[in-house]
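A short worksheet on the structure shown next.
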Amino acid sequence: MQTPATAAPPALSADFYERPVLEVARSLIGCTVEHAGTAGVIVETEAYHDSEPACHAFVGLTPRTRTLFGAPGRAYVYRSYGIHALLNAVCEPEGVGAAVLIRALEPFVGIETMRRRRGLTRAEDLCSGPGKLTQALGISLEENGSSLTSGPIRIGPRTDVWKTPAVVSGTRIGITKAVDLRWRFCLAGNRHVSRPRPQLSGERS
DNA sequence: CATGGGATTGACT
DNA sequence: GTCAATCCCATGC
């Protein structure tokens, strides 16, 4: 049996996500996200887990956290600050509330479409933040709970160019609880990482 | 039912 | 550096 004659590689399977969330967050650097004619390489992620108070799932099972506690390999999309849709990949076995927030991409497919959706031209302004990349890819709240293995949002494996990315960790952005956990992961030196960039040297704080 | 707080961004002092 | 936009939802009365 031949593989289908598609340009894109198969999406990551649900098994990929059914692992400790920190492991998945690191592994997702260099992978691809694709939706509605646009795609990018993941250059920044953050991990969230129901054992720590910055995670939405910390409060337990509610209508909002239903997706977070559900099956791994699905999208958790929620509205942030009343304005932005933020994309997460649900991780760990069903019953555990954990997810990886996709924080930044390096655009590589449909860049003109991204420019139109964003109303901006500079490549570094298109996907360099969690709210920016959902706008650039056309992802909305309706995709909450959808499968990342079958679409409409698909996450694919690392391509040859990104086989062994240099990943740096830092503290998570924009939270007020559990601020000391270094659960943010970035592709070292990449220009599409959101601000503030993690310190490359002198990781002591 | 009223309130308050965000896993952000862009515009502005 | 400051700040408002805007809305979902958890919480408390």
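For the numbers below, each heavy atom of this structure counts, side chains included, while hydrogens, waters and symmetry mates do not. Naming convention: chains lettered A, B, ... in sequence-line order (proteins, then strands); numbering from 1 in each chain.
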Problem set entry | Derivation and outcome, salt bridge (charged side-chain N to carboxylate O under 4.0 Å, His left out), residues Glu92(A) and Arg19(A) | CA-CA 5 Å; Glu92(A) 309 225 4; Arg19(A) 292 187 291 155; over 6 Å; no

For this session: Run the numbers on Arg103(A) and Glu46(A) for salt bridge (charged side-chain N to carboxylate O under 4.0 Å, His left out), then give the verdict.
Result: CA-CA 7 Å; Arg103(A) 283 195 58 90; Glu46(A) 282 178 1; 3.6 Å; yes

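With dA7(B), dG10(B), dT9(B) as the candidates, the nucleotide lying closest to the side chain of Arg118(A) is dG10(B).
Nucleotides of DNA chain B nearest to Gln135(A) and Gly174(A) differ in position, and the one nearer the 5' end is that of Gly174(A).
Residues Thr38(A) and Arg117(A) have side chains that bring a donor and an acceptor to within less than 3.5 angstrom of each other. Using a 3.5 Å distance cut-off with no hydrogens or angles, the side chains of His84(A) and Gln135(A) do not pair a donor with an acceptor.
In summary, the aromatic rings of Tyr48(A) and His56(A) are positioned with their centroids too far apart to meet the 6.0 Å limit.
Not one N or O on the side chain of Glu23(A) forms a donor-acceptor pair closer than 3.5 Å with the backbone of Pro20(A). No donor-acceptor pair under 3.5 Å is formed between the side chain of Arg172(A) and the backbone N or O of Trp183(A).
The interatomic distance linking Leu120(A) (CG) with dA11(B) (C1') rounds to 13 Å, in whole Å. Rounded to whole angstrom, the span from the CD atom of Glu52(A) across to the C1' atom of dA7(B) amounts to 10 Å. Put simply, CZ on Arg184(A) is 10 Å from P on dT8(B), counting in whole angstrom units. Going from atom CG of Leu86(A) over to atom P of dT9(B) covers 7 Å, rounded to whole Å. As rounded to whole Å, 16 Å separates atom C1' of dG5(B) from atom CZ of Phe58(A). With rounding to whole Å, Glu46(A) atom CD is found 14 Å from dG6(B) atom C1'. Atom OH in Tyr78(A) sits roughly 17 Å away from atom P in dG5(B) (whole-Å rounding). Distance CG (Leu28(A)) to C1' (dA7(B)): 16 Å, rounded to an integer number of Å.
Residue contacts shown for Leu101(A) include a base, since a base heavy atom lies under 4.0 Å away.
Between Glu44(A) and Arg197(A) no salt bridge is recorded (no basic side-chain N to carboxylate O distance below 4.0 Å).
Dashed line: the shortest gap from a side-chain N or O of Lys177(A) to OP1 or OP2 of dA7(B) is not under 4.0 Å. In terms of phosphate contacts, Arg103(A) brings a side-chain nitrogen or oxygen within less than 4.0 Å of OP1 or OP2 of dT8(B).
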Seminar exercise, completed: Scoring nucleotides 3-13 of chain C by protein non-hydrogen atoms under 4.0 Å (B base, S sugar-phosphate only, - none) yields --BBB-SSS--

Problem set entry | Base-pair map of DNA chain B as dot-bracket, where | denotes pairing with a different strand and pairs are Watson-Crick or G-U under 3.5 Å | ||||||.|||||.

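For the pair Arg66(A) and Tyr76(A), the cation does not sit on the ring face, since its NZ or CZ is not both under 6.0 Å from the ring centre and inside 45° of the axis.
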